[in-house]
Each structure stands twice: as C-alpha cells, then as structure tokens.
Amino acid sequence: MRLKDKVAIITGAGRGIGQATAVKFAREGAKVLVCDIKQDWIDDTVALCQAEGGDAMGHIADVRDMKSLEAMVKATVDRWGRVDCLVNNAGIVADAQLKNMTEDQFDSVIDINLKGVYNCTRAVVHKMLEQQSGVILNASSIVGLHGNFGQTNYAASKFGVIGMVKTWARELGRKGIRANAVCPGFIATSILGSIPEKVIGALEDRVPMGRLGKPEEIANTFAFLASDEASYINGAVIEVSGGLTI
Ligand code: NAP
C-alpha cells in the first residue's frame, strides 16, 4: 500500500475529485480526514473510505473560515498524532464574461479557490514544520495555465494557486515539506453541471483522447504525489488532461 499509515486531510471531499481522492487514499492505507461543508456528503465519503477497509473521519469545515480549519487540524492531530498530507481540493466556479462579472462572483471564487488554499495550508504548516515532513497538494486547473472564456475569476484563482505552490516549494523544501499542483482538464463531476450537453460534446472532441477525465484519474495523481515514490517532486505543476492543451 502506497500510503500506509500516512495521515491526510482532503478538502472538498464530499463529492467529485475530492471524494475519489479520499477513497483512493483510504485504499492505499492512509488515514483520511474528510473535510467538506455538507454533513451528508461527508458521511457518504467516510462510509466509502471505511468500505475500503480504511480509517476515516469527517469534519465540517469551510475553507474560508480559519477557526473551523484550526479545529479540523486539531481533530486530525488529536486522533492520529500528525498530518502527512494536505490536499487543497475544495473549489467552485461562478462563470461570466468579464463585462458581466459581478463583484460577488469574483470575490466568492477568489475567497474559496485562492484564499481557501492559503488558509488551509496556514492551518497545517506549523504541524508539518514541527514534524519536518509533509506534502501539500493543490488542485489548480488547465484554466490557471491558459485562461478560459468566461472564467476571469477562476483563472486568476488557479494561476494564483500555482504561484503559491512555487513559493511554498522554495520556502519549505529544506524543511522536508513538498508542495505541488495538479492541473486537471475537463473531469466528469458536478462542477461541469451547468455546461450544456452539446458543449460537453464539443469539449470531448477537443481532447486527443476523445473523452472527459474521471475523478479517479486525478485521485491517482494525488496519491502518487503524496507517496514516498514522489520524494523528489517539489514545485511541480502537473497537467492531467488527456492531452487537451497540446
Ligand atoms: P465538485 O464536484 O463541485 O466538488 C468540490 C467540493 O468542494 C464540493 O463538495 C463542494 O461543496 C466543496 N466546497 C465548496 N466550497 C467549499 C468551501 N468553502 N469549503 C469546503 N468545501 C467546499 O468539484 P470537482 O470537479 O470535484 O473539483 C475539485 C477541484 O478540482 C476544484 O478545486 C476544481 O476547481 C478543480 N478542477 C476541477 C475540474 C473539473 O473539470 N471537474 C477541472 C480542473 C480543476 P458544494 O458542492 O456544496 O459547493
């Protein structure tokens, strides 16, 4: 098992990529703190992890709320004594063309996708520094690399995540802590729910592999990066998109 006895916190783990990541980590032997904002979804993910024979615990925390994140880290350390990996996965979209984008749409995406990543990492970094070890994994996006029509806010947040990852890779590398970003292409989760089927079809046609990605394909990448097999991968930005951007 690739992650035997490693302790991981995964945000936005109630569904989609976060849920698939929690299940994969549990299958690989990790102890998983399932963070999300909805108790029902947390319970679903915890049950799926336990069905894999894994040890998992749920915790409601909003990545915008530092107090709830500090309580989440405390609960993790109280139960398992350490934090080996943080997966900053929680994220939202609120799309509009620049000319129509409201301040609320801009701020909400920045608050969750960018400041939320900062908040969660701040909440765990002291523990990782004390341990002199840890892995900080972050969901960016191909949109953070190339921009996208109607996604000024989202592109800014995901590009910002890459900037923080590279900074943390420099600041924390000598302390035994690695930081990396994963840039998914179009992955079949509810985040694509607002996109009409016709447009999804067109997106699939643009992918050299001819299909959307599966949440499990991003989860597998996070699991590798969290493992000791990735011990020299730091500050990397890894695209997992079926070749969409080539
Ligand atoms: P998803 O299915 O919508 O899952 C995201 C999860 O995060 C949801 O359970 C969501 O809860 C939760 N969340 C939202 N706001 C939160 C907050 N303030 N605090 C804690 N949790 C919160 O999305 P996904 O497709 O799995 O995406 C996961 C990550 O990958 C995101 O960062 C996304 O930007 C990134 N990504 C996805 C794709 C894709 O095509 N799917 C592509 C590139 C990057 P609610 O549903 O209640 O909001």
Side-chain angles (χ1 to χ4, degrees), residues 9-24 33-46 48 58-73 86-95 107-121 123 137-148 151 153-162 164-165 180-195 199-200 203-204 206-207 211-222 237-242 244-245:
I9 294 175
I10 303 170
T11 69
R15 59 181 180 161
I17 292 168
Q19 181 177 76
T21 302
V23 171
K24 172 69 179 173
L33 188 293
V34 175
C35 159
D36 209 302
I37 45 181
K38 290 203 183 89
Q39 189 65 52
D40 288 356
W41 292 347
I42 289 175
D43 293 345
D44 287 350
T45 302
V46 169
L48 289 171
H59 195 97
I60 289 197
D62 188 319
V63 298
R64 292 167 293 192
D65 173 14
M66 204 62 203
K67 279 212 161 53
S68 73
L69 297 173
E70 282 163 358
M72 174 184 77
V73 174
L86 167 67
V87 184
N88 281 313
N89 168 78
I92 63 163
V93 291
D95 296 351
D107 289 347
S108 61
V109 168
I110 297 295
D111 282 351
I112 292 175
N113 295 11
L114 183 65
K115 189 152 184 217
V117 170
Y118 165 80
N119 288 341
C120 294
T121 309
L137 301 178
N138 303 274
S140 178
S141 167
I142 52 160
V143 174
L145 297 169
H146 300 283
N148 198 24
Q151 293 199 306
N153 49 1
Y154 189 78
S157 69
K158 295 301 186 181
F159 190 75
V161 165
I162 292 171
M164 293 198 293
V165 161
N180 293 296
V182 174
C183 293
F186 296 113
I187 311 300
T189 73
S190 57
I191 213 168
L192 301 185
S194 60
I195 301 180
V199 179
I200 296 277
L203 292 178
E204 285 174 330
R206 281 173 51 200
V207 183
R211 64 170 177 85
L212 300 183
K214 302 173 195 154
E216 293 74 19
E217 292 173 313
I218 306 303
N220 290 343
T221 310
F222 280 137
V237 179
I238 297 177
E239 182 176 323
V240 185
S241 71
L244 177 62
T245 65

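Start at 1 and go down the list; that is how both ligands and their atoms are numbered. A quick note: this is a predicted structure, and the numbers were derived from the prediction, not measured.
- We find the OG-CD1 distance between Ser190 and Ile17 to be 9.5 Å, quoted to the nearest 0.5 Å.
- Counting only residues at least two apart or in different chains, salt bridge (Lys or Arg N to Asp or Glu O under 4.0 Å) contacts with residues 64-73 comprise Asp62-Arg64.
- The salt bridge (Lys or Arg N to Asp or Glu O under 4.0 Å) search around Arg211 returns Glu217, not counting sequence neighbours.
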Close N/O pairs between ligand 1 and protein, under 3.5 Å:
from: ligand 1; atom 1: 2 (O); to: Ser190; atom 2: OG; distance (Å): 3.1
from: ligand 1; atom 1: 9 (O); to: Asp36; atom 2: OD1; distance (Å): 3.4
from: ligand 1; atom 1: 9 (O); to: Asp36; atom 2: OD2; distance (Å): 2.7
from: ligand 1; atom 1: 11 (O); to: Asp36; atom 2: OD1; distance (Å): 3.4
from: ligand 1; atom 1: 18 (N); to: Asp62; atom 2: OD1; distance (Å): 2.9
from: ligand 1; atom 1: 19 (N); to: Val63; atom 2: N; distance (Å): 3.1
from: ligand 1; atom 1: 25 (O); to: Thr189; atom 2: OG1; distance (Å): 2.4
from: ligand 1; atom 1: 26 (O); to: Ile17; atom 2: N; distance (Å): 2.8
from: ligand 1; atom 1: 32 (O); to: Asn89; atom 2: O; distance (Å): 2.8
from: ligand 1; atom 1: 32 (O); to: Lys158; atom 2: NZ; distance (Å): 2.9
from: ligand 1; atom 1: 34 (O); to: Tyr154; atom 2: OH; distance (Å): 2.6
from: ligand 1; atom 1: 34 (O); to: Lys158; atom 2: NZ; distance (Å): 3.0
from: ligand 1; atom 1: 36 (N); to: Tyr154; atom 2: OH; distance (Å): 3.4
from: ligand 1; atom 1: 40 (O); to: Gly185; atom 2: O; distance (Å): 3.4
from: ligand 1; atom 1: 40 (O); to: Ile187; atom 2: N; distance (Å): 2.8
from: ligand 1; atom 1: 40 (O); to: Ile187; atom 2: O; distance (Å): 3.4
from: ligand 1; atom 1: 41 (N); to: Ile187; atom 2: O; distance (Å): 3.2
from: ligand 1; atom 1: 41 (N); to: Thr189; atom 2: OG1; distance (Å): 3.2
from: ligand 1; atom 1: 46 (O); to: Arg15; atom 2: NE; distance (Å): 3.2
from: ligand 1; atom 1: 46 (O); to: Arg15; atom 2: NH2; distance (Å): 2.4
from: ligand 1; atom 1: 47 (O); to: Lys38; atom 2: NZ; distance (Å): 2.7

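- Side-chain contact of Gln39 with Asp43: a donor-acceptor pair under 3.5 Å is present, judged by distance alone.
- Judged by distance alone, with hydrogens and angles left aside, the side-chain atoms of Thr11 form no donor-acceptor pair with the main-chain N or O of Asn88 at under 3.5 Å.
- Shown here are the side chain to side chain donor-acceptor pair (under 3.5 Å) partners of Lys24, two or more places apart in sequence or in another chain: Glu28.
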